[in-house]
Each structure stands twice: as structure tokens, then as C-alpha cells.
Colleague: 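The structure is given below, and queries will be raised subsequently.
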Amino acid sequence: MKIQISNMNLKQIAESGQCFRWKEINTDTFVIPGDSGKNIGLPDLTIKQEGDIFELSCNDDDWNSQWYEYFDMPTDYEEVKERIFSSGDEHAIEAYKEGAGIRILRQSLWEMIVTFLVSQNNNIKRITASVDAICDLNGGRFPYPGDIKPKIFEEINLGLGYRVPYLKEIYEYAAENPRWLTKLQSMSFEEANATLQERKGIGPKVANCICLFGLHQVDAFPIDTHVKQFLKEYYPNGFDFEYYKGIAGIIQQYLFYYELKHK
DNA sequence: TTACAGGTCTTGT
DNA sequence: ACAAGACCTGTA
């Protein structure tokens, strides 16, 4: 199928550090694993961008029931744009222009938990390699609790370094507490954020990433080394979180992407 | 060779 | 509550 979508750029999303399993098979053409979203059994999606026209390998039903949400179509990015431009905040405007096609994907919560545990004090290239290695344990599909035995992390070198016990423990915990994920989904941002940080290896930054990318809590604002640098350089007197309430997490992605590109 | 990467934990004050 | 220091490892 073929459709027109505004405010979306696949390449920018792929580079924005929120998804680590997209494969670019051609220029502006990506394969996205079907289990990246909320329906584990979905076929992989091939999607090709030409301007604001997108050609997808799925049918209308799968678009309407699955990928529409995955690409965050329910969010009005035109409104986000207007709020940024009417803010008078020149640094946010500048950052926005750099990554105007970024969207906050609505990805699998479990995948985000595991992925951002891996991400700490790490680089995107190695995170991708480790996530791929973790999927290889499960025939290429992202392993859910119970799909693999937690001890596997100690037995096979997946390039996780000191994060091995974190991964082992989170797989154990989630298998023993099967309602944990659904509980997180019913919590407020503050509750979910605090609950996530009860797990070993999940601190404030990783918890905010999980809230933003796995729970679509758009008030989450992960402060990593890049965003910290951006805030320090351009907002020495503080960043106006109040003004951006409701879209702070989206803004955060523009700042992150801008800083990543200008380094 | 040293520093850094989408940080967190432990320990000491 | 806050500040060091340690921590795997590939890349520049």
C-alpha cells in the first residue's frame, strides 16, 4: 500500500537512538521487525520513503490495526511544530529543524526495557550489536521472559560487559512476575518511573527512556550525555519544562538528535 | 594511549 | 543528600 504522511522521516527516526532493530536495505528503505510493536506475530514491514509518500509492504488492515499506532499517527506533530515555533525558544526551534521528521515510536515495552538496560554507558553501534545478539538467541525474534533461560547471559558472550547480571535479573524477575508489564502500563508516569528504578541497572535515565519509548509517557525526559550537554550549553538558567508539558519527551528527541549530529 | 559512549551502583562523607 | 570511583568494551 502507498500513503502520504506528514512530519515523518525514516532516516531520522532510524538515527534517533530509540530503535535498534531497523535495517536499512536501500536508501530510505527500511525493514522493521514485526515484533517491534505490540503484536508479536506481525510480519516484518518493508517501508520506503519518497518525500512524504510512503510505500509499505503491509495491507490496509495491518496498517490500521498495528503500524498506524507504531508510527505514532495518533499524535498531532503539526501541533508540536506550532508549539515549538511559537515558543520563542530559538535553540529548540533550531534543534527541531534538524530532526523535524522524528516521531516517538510506540514500541514493545519489554523490548525497550531490555534495550535501554543494554544502552547505559554504551554507544549506539555496540547497543545494536548486543540487541541483535540477544535476538539471535531466539531465532531472530526478540526474546520475551520465558523464551530464553536467564543463565544464557552468563554462558554466551553477547558483548554486554558488566550489564550481564542486569539482563539476567530482569529476565528472571519478569518471568516470576508476569503481571509486572501490564501493571506498568496502567501506572502514571511518576509511578512507572519509580517502579522501573526498583530494578537493578535501571536508573533515572534508563527509566525515562523506557517510559518515553515503551509506555509513550511523553512527559518523560531522559537526560543522557548529549542532552545534558545541550542543556548546559544553551540553557544555563534552566529549561522551561512547564512550557513543554505534554510534549517534553518529543522535544527531548529533537535536542538529542541535534546534539548527536553536531558533534 | 586515553577518552567516550543515550549511566548506575557502591561506598564514604 | 551528595561526591567520587569503578565498571565491560569497541572505536576514534
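The chains referred to below are lettered A, B, ... by the order of the sequence lines, with proteins before strands, and numbering in each begins at 1.
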Colleague: Rounded to whole Å, please give me the gap between CG in A:Asn121 and P in B:dA5.
Modeller: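 About 9 Å, once rounded to whole Å.
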
Colleague: Per the atom types in the model, does the base of C:dC8 pair as donor or acceptor with the side chain of A:Arg126 at under 3.5 Å?
Modeller: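 For A:Arg126, whose side chain was compared with the base of C:dC8, there is a donor-acceptor pair (under 3.5 Å).
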
Colleague: Can you tell me how far P in B:dT8 sits from the matching atom in C:dG10, rounded to whole Å?
Modeller: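 About 22 Å, rounded to a whole number of Å.
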
Colleague: Identify, residue by residue, the members of residues 187-202 of chain A with a heavy atom below 4.0 Å from DNA chain C, and return them in order of residue number, or none.
Modeller: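 The answer is none.
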
Colleague: Have a look at A:Gln229 and say if it touches a base, only the backbone sugar-phosphate, or nothing, with a 4.0 Å heavy-atom cut-off.
Modeller: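 Touches nothing.
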
Colleague: Rounded to whole angstrom units, what separation is found between the CG atom of A:Leu160 and the P atom of B:dG7?
Modeller: 15 Å

Colleague: For A:Asn193 and A:Ala207, which heavy atoms make the closest approach, and how far apart are they?
Modeller: OD1-CB, 3.2 Å

Colleague: Looking at A:Phe239, A:Tyr235, A:Tyr96, which hits ring pair (Phe, Tyr, Trp, His ring centres under 6.0 Å) with A:His91?
Modeller: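 Between A:His91 and the candidates, ring pair (Phe, Tyr, Trp, His ring centres under 6.0 Å) is satisfied uniquely by A:Tyr235.
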
Colleague: With a 4.0 Å cut-off on heavy atoms, is A:Gly203 in touch with a base, just the backbone sugar-phosphate, or nothing at all?
Modeller: sugar-phosphate

Colleague: What's A:Tyr257 touching, base or sugar-phosphate or nothing? Going by heavy atoms closer than 4.0 Å.
Modeller: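 Touches nothing.
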
Colleague: Between A:Tyr166 and A:Gln253, just flag the one whose closest nucleotide in DNA chain B comes earlier from the 5' side.
Modeller: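 Here A:Gln253 is the residue nearer the 5' end.
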
Colleague: Could you check how far CG of A:Asp224 sits from P of B:dT8, rounded to whole Å?
Modeller: 10 Å

Colleague: Restricting to non-hydrogen atoms, name the atom on A:Ser86 and the atom on A:Tyr243 that form the minimum distance, rounded to 0.1 Å.
Modeller: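 Here A:Ser86 and A:Tyr243 meet closest at OG-OH, 3.6 Å.
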
Colleague: Could you tell me the separation between the CG atom of A:Leu167 and the P atom of B:dT8, rounded to a whole number of Å?
Modeller: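 After rounding, the reported distance stands at 14 Å.
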
Colleague: Any chance CD of A:Glu50 has more than 12 other-residue heavy atoms, nucleotides or ligands included, within less than 6.0 Å?
Modeller: no

Colleague: Just the rounded figure in Å: distance from P of B:dG7 to CD1 of A:Ile210.
Modeller: 13 Å

Colleague: A:Val206 side chain: which of B:dA5, B:dT8, C:dC8 is closest?
Modeller: B:dT8

Colleague: Given that both pair distances must be under 3.5 Å and the pair must be Watson-Crick or G-U, what runs of three or more consecutive pairs involve DNA chain B?
Modeller: B:2-5 with C:9-12, B:7-13 with C:1-7

Colleague: Closest to the A:Tyr162 side chain: C:dT9, B:dT8, C:dC7?
Modeller: C:dC7

Colleague: Using whole Å, what does the distance between atom C1' of nucleotide C:dC8 and atom CZ of A:Phe153 come to?
Modeller: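 That distance rounds to 16 Å.
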
Colleague: Once you round to the nearest 0.5 Å, how far does SG of A:Cys19 lie from CD of A:Glu111?
Modeller: 9.0 Å

Colleague: Would you mind reading off the distance between A:Leu260 atom CG and B:dA5 atom P, rounded to a whole angstrom?
Modeller: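 Between P of B:dA5 and CG of A:Leu260: 10 Å.
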
Colleague: In Å and rounded to the nearest 0.5 Å, what is the OG to NZ distance from A:Ser16 to A:Lys261?
Modeller: 10.5 Å

Colleague: Of the options A:Phe85, A:Tyr254, A:Tyr258, which is the one that meets A:Lys97 in a side-chain contact (heavy atoms from CB on, under 4.5 Å)?
Modeller: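 The side-chain contact (heavy atoms from CB on, under 4.5 Å) with A:Lys97 is passed solely by A:Phe85 among A:Phe85, A:Tyr254, A:Tyr258.
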
Colleague: Taking NZ from A:Lys125 and C1' from B:dC4, how many angstroms apart are they, rounded to a whole number?
Modeller: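 The distance from NZ of A:Lys125 to C1' of B:dC4 comes to 15 Å, rounded to the nearest Å.
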
Colleague: Regarding A:Thr115, tell me which of base, sugar-phosphate or nothing describes its non-hydrogen contacts under 4.0 Å with the strands shown.
Modeller: nothing

Colleague: Going by salt bridge (Lys or Arg N to Asp or Glu O under 4.0 Å), name the pairs with one or both residues in residues 182-206 of chain A, residues two or more places apart or in two chains.
Modeller: none

Colleague: Mapping A:Ala207 and A:Asn122 to their closest nucleotides on DNA chain B, which lands nearer the 5' end?
Modeller: A:Asn122

Colleague: Mind checking the CG-CD spacing from A:Asp224 to A:Gln229? Nearest 0.5 Å is all I need.
Modeller: 10.5 Å

Colleague: If I pick the C1' atom on B:dA5 and the same atom on C:dA3, what distance separates them, to the nearest angstrom?
Modeller: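 Here C:dA3 and B:dA5 have their C1' atoms 22 Å from each other.
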
Colleague: Tell me whether the side-chain N or O atoms of A:Arg163 pair up with the base of C:dC7 as donor and acceptor below 3.5 Å, since no angle test is needed here.
Modeller: no

Colleague: Hey, is A:Asp44 close enough to A:Arg141 for a salt bridge, meaning N to O under 4.0 Å?
Modeller: yes

Colleague: In Å, rounded to the nearest 0.5 Å, how long is the span from CD of A:Glu98 to CG of A:Leu255?
Modeller: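 Answer rounded to 0.5 Å: 12.0 Å.
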
Colleague: Base, sugar-phosphate or nothing for A:Ile124? Non-hydrogen atoms, less than 4.0 Å.
Modeller: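 Counting heavy atoms under 4.0 Å across all strands, the contact made by A:Ile124 is with sugar-phosphate only.
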
